[in-house]
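Worksheet for the structure shown next.
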There are 2 protein chains.
Amino acid sequence: MIKIGELSKVTGCSVQTIRHYEKEHLIASAERSEGNFRLYDEAAVEQLLFIKHCRSLDLSVPEIRQLLALNRSPGAQCDDVNRMMDRHIEQVEARIQELTRLNEQLRMLRRSCSNRRTVEQCGILRNLSATPVSSG
Amino acid sequence: MIKIGELSKVTGCSVQTIRHYEKEHLIASAERSEGNFRLYDEAAVEQLLFIKHCRSLDLSVPEIRQLLALNRSPGAQCDDVNRMMDRHIEQVEARIQELTRLNEQLRMLRRSCSNRRTVEQCGILRNLSATPVSSG
DNA sequence: TATAAACTCTATAACAACTATAGAGTCAAT
DNA sequence: ATTGACTCTATAGTTGTTATAGAGTTTATA
Ligand SMILES: [Zn+2]
Ligand SMILES: [Zn+2]
Ligand SMILES: [Zn+2]
Ligand SMILES: [Zn+2]
């Protein structure tokens, strides 16, 4: 049994994050020592790593909660997992497209000012004052 | 002089957002009518549209505050504007790269489950349980 | 003139996923 | 006995909004 500081080191999650996950019921309430310190076993390490892996893929806490619930019903069909992943992938791709458009506009804007101009003649500020291109 | 609801319609910013910008000192405190309603003129419309344009480019509130301050000192050099824009563009591009890597991993993960499997044999859940690929 | 609808006001909480802080308690070593 | 490292709870801050409650104002209608 390890304490929260060690769990933090082993998993790379901060101590506060671990306590936060407990409060959010992503991980079960830990056993306590006589002095009221949280105690964790190997299974807790595994579960926290699972959560960390999910978070590194930008899966949200509710999504992870759903995955954990499915993990607990091994006989169920995979359809729910797959639907969630598809939706999540869609959202990531939409965000990439959005940022890509944004990036083009920013570069265009940036080109409108050469260094050593004064603010008064600045193309960036002038363009920002003009009506934005519709982005819908 | 128009009231906040009309300013909201004209600019496309919500009423709460306008009040929020005032609290954050992005726009000046509006004049008030006898009944304590905020009153705006054409200049306020212009400034709010400027802010909206900036936000549509994901510029942060502090960044916009800096741009507005520069706008008020027309004799200054543009270097600060340019540095900020360069930094901002860098961050947007970094985020695009990050999401692109993420997307590849998500698609790989998604391929590891064909429909109609049970959760027990699910490649997605199994792979999420395994140690994540290092992404540094 | 009474009243209702539509608008506005302030203050406060929620969102997401943490991060940071304060103040107190626990434990191991000197 | 006391230091230092660790842990505990509770609370607030982050970012840019959005949503709500409860009260006041203005405009239109009966
Ligand atoms: Zn998602
Ligand atoms: Zn310039
Ligand atoms: Zn920025
Ligand atoms: Zn599956």
Side-chain angles (χ1 to χ4, degrees), chain A residues 1-27 29-40 44 48 50-68 84 87-88 91-92 95 98-99 102, chain B residues 1-27 29-40 44 47-68 84 87-88 91-92 95 98-99 102:
Chain A
M1 298 298 248
I2 58 177
K3 282 184 287 183
I4 197 167
E6 177 117 20
L7 181 61
S8 170
K9 254 181 231 149
V10 170
T11 60
C13 299
S14 81
V15 167
Q16 297 107 303
T17 296
I18 296 170
R19 289 198 279 244
H20 175 69
Y21 285 166
E22 182 180 315
K23 200 173 293 176
E24 296 283 314
H25 301 291
L26 271 195
I27 55 181
S29 290
E31 287 180 56
R32 297 299 179 109
S33 72
E34 284 191 11
N36 200 33
F37 286 9
R38 289 173 178 83
L39 296 176
Y40 298 96
L48 195 49
F50 177 90
I51 293 168
K52 199 194 174 195
H53 193 176
C54 291
R55 286 295 304 135
S56 79
L57 296 170
D58 246 12
L59 289 162
S60 69
V61 165
E63 282 167 340
I64 297 172
R65 218 179 266 127
Q66 192 182 338
L67 286 175
L68 290 169
M84 176 204 293
R87 209 177 330 128
H88 186 74
Q91 280 171 14
V92 169
R95 183 68 182 147
E98 197 182 337
L99 286 177
L102 202 63
Chain B
M1 298 298 248
I2 58 178
K3 283 184 288 184
I4 198 167
E6 177 118 18
L7 182 62
S8 170
K9 255 181 230 150
V10 171
T11 60
C13 299
S14 79
V15 168
Q16 298 107 302
T17 297
I18 296 170
R19 290 199 278 245
H20 174 69
Y21 285 166
E22 181 181 313
K23 199 173 293 174
E24 295 282 313
H25 301 290
L26 273 194
I27 55 181
S29 290
E31 288 180 55
R32 298 296 179 110
S33 72
E34 285 190 10
N36 199 32
F37 286 9
R38 290 174 178 82
L39 296 176
Y40 299 96
Q47 193 166 28
L48 195 48
L49 285 175
F50 177 90
I51 292 168
K52 199 193 174 196
H53 194 175
C54 290
R55 286 294 304 134
S56 80
L57 297 169
D58 246 11
L59 289 161
S60 69
V61 165
E63 282 168 339
I64 297 172
R65 219 179 265 126
Q66 191 181 339
L67 285 175
L68 289 169
M84 176 204 294
R87 209 176 328 128
H88 188 73
Q91 280 171 14
V92 170
R95 184 67 182 146
E98 198 182 336
L99 285 177
L102 202 64

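Naming convention: chains lettered A, B, ... in sequence-line order (proteins, then strands); numbering from 1 in each chain.
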Against the side chain of B:R38, the closest entry in D:dT7, D:dG16, C:dT10 is C:dT10

Using the side-chain heavy atoms of A:P62, tell me which of these nucleotides is nearest: D:dT7, D:dT9, C:dA17. C:dA17

In terms of side-chain heavy atoms of B:F37, which of C:dT19, D:dA19, D:dG24 is nearest? D:dG24

Where do A:L68 and A:L26 come nearest, in terms of heavy atoms and distance? CD1-O, 3.4 Å

Closest approach to the side chain of B:S14, judged atom by atom: which nucleotide of C:dC18, D:dT18, D:dT7 is it? D:dT18

Nearest to side-chain heavy atoms of B:I4, which nucleotide of C:dC9, D:dC8, C:dT12: C:dC9

Nearest heavy atoms of A:E63 and A:D58, plus distance in Å: OE1-O, 4.4 Å

The residue, B:L59 or B:E34, whose nearest nucleotide of DNA chain D is more 5′ is B:L59

If I take atom NZ from residue B:K52 and atom OG1 from residue B:T17, how far apart are they, to the nearest 0.5 angstrom? 10.5 Å

Look at B:S60 and D:dT15 and indicate whether a side-chain polar atom (N or O) is within less than 4.0 Å of OP1 or OP2. no

First of B:R55 and B:S33 reached from the 5' end of DNA chain D, by closest nucleotide: B:R55

Of the candidate nucleotides D:dT17, C:dT21, D:dA19, which contains the atom at the shortest distance from the side chain of A:Q16? C:dT21

Closest nucleotide of DNA chain C for A:G35 versus for A:H20: which of these residues is on the 5' side? A:H20

Should B:T17 be listed as having a side-chain N or O under 4.0 Å from OP1 or OP2 of D:dT18? yes

Nearest to the side chain of B:K3 - C:dT8, D:dT7, C:dA17? C:dT8

Tell me, do B:Y21 and B:Q47 make a side-chain contact under 4.5 Å, heavy atoms counted? no

Name the nucleic acid region contacted by B:R19, choosing base, sugar-phosphate or nothing; use a 4.0 angstrom heavy-atom cut-off, strictly under. base

Side chain of A:Y21 - closest among C:dC18, D:dT17, D:dT18: C:dC18

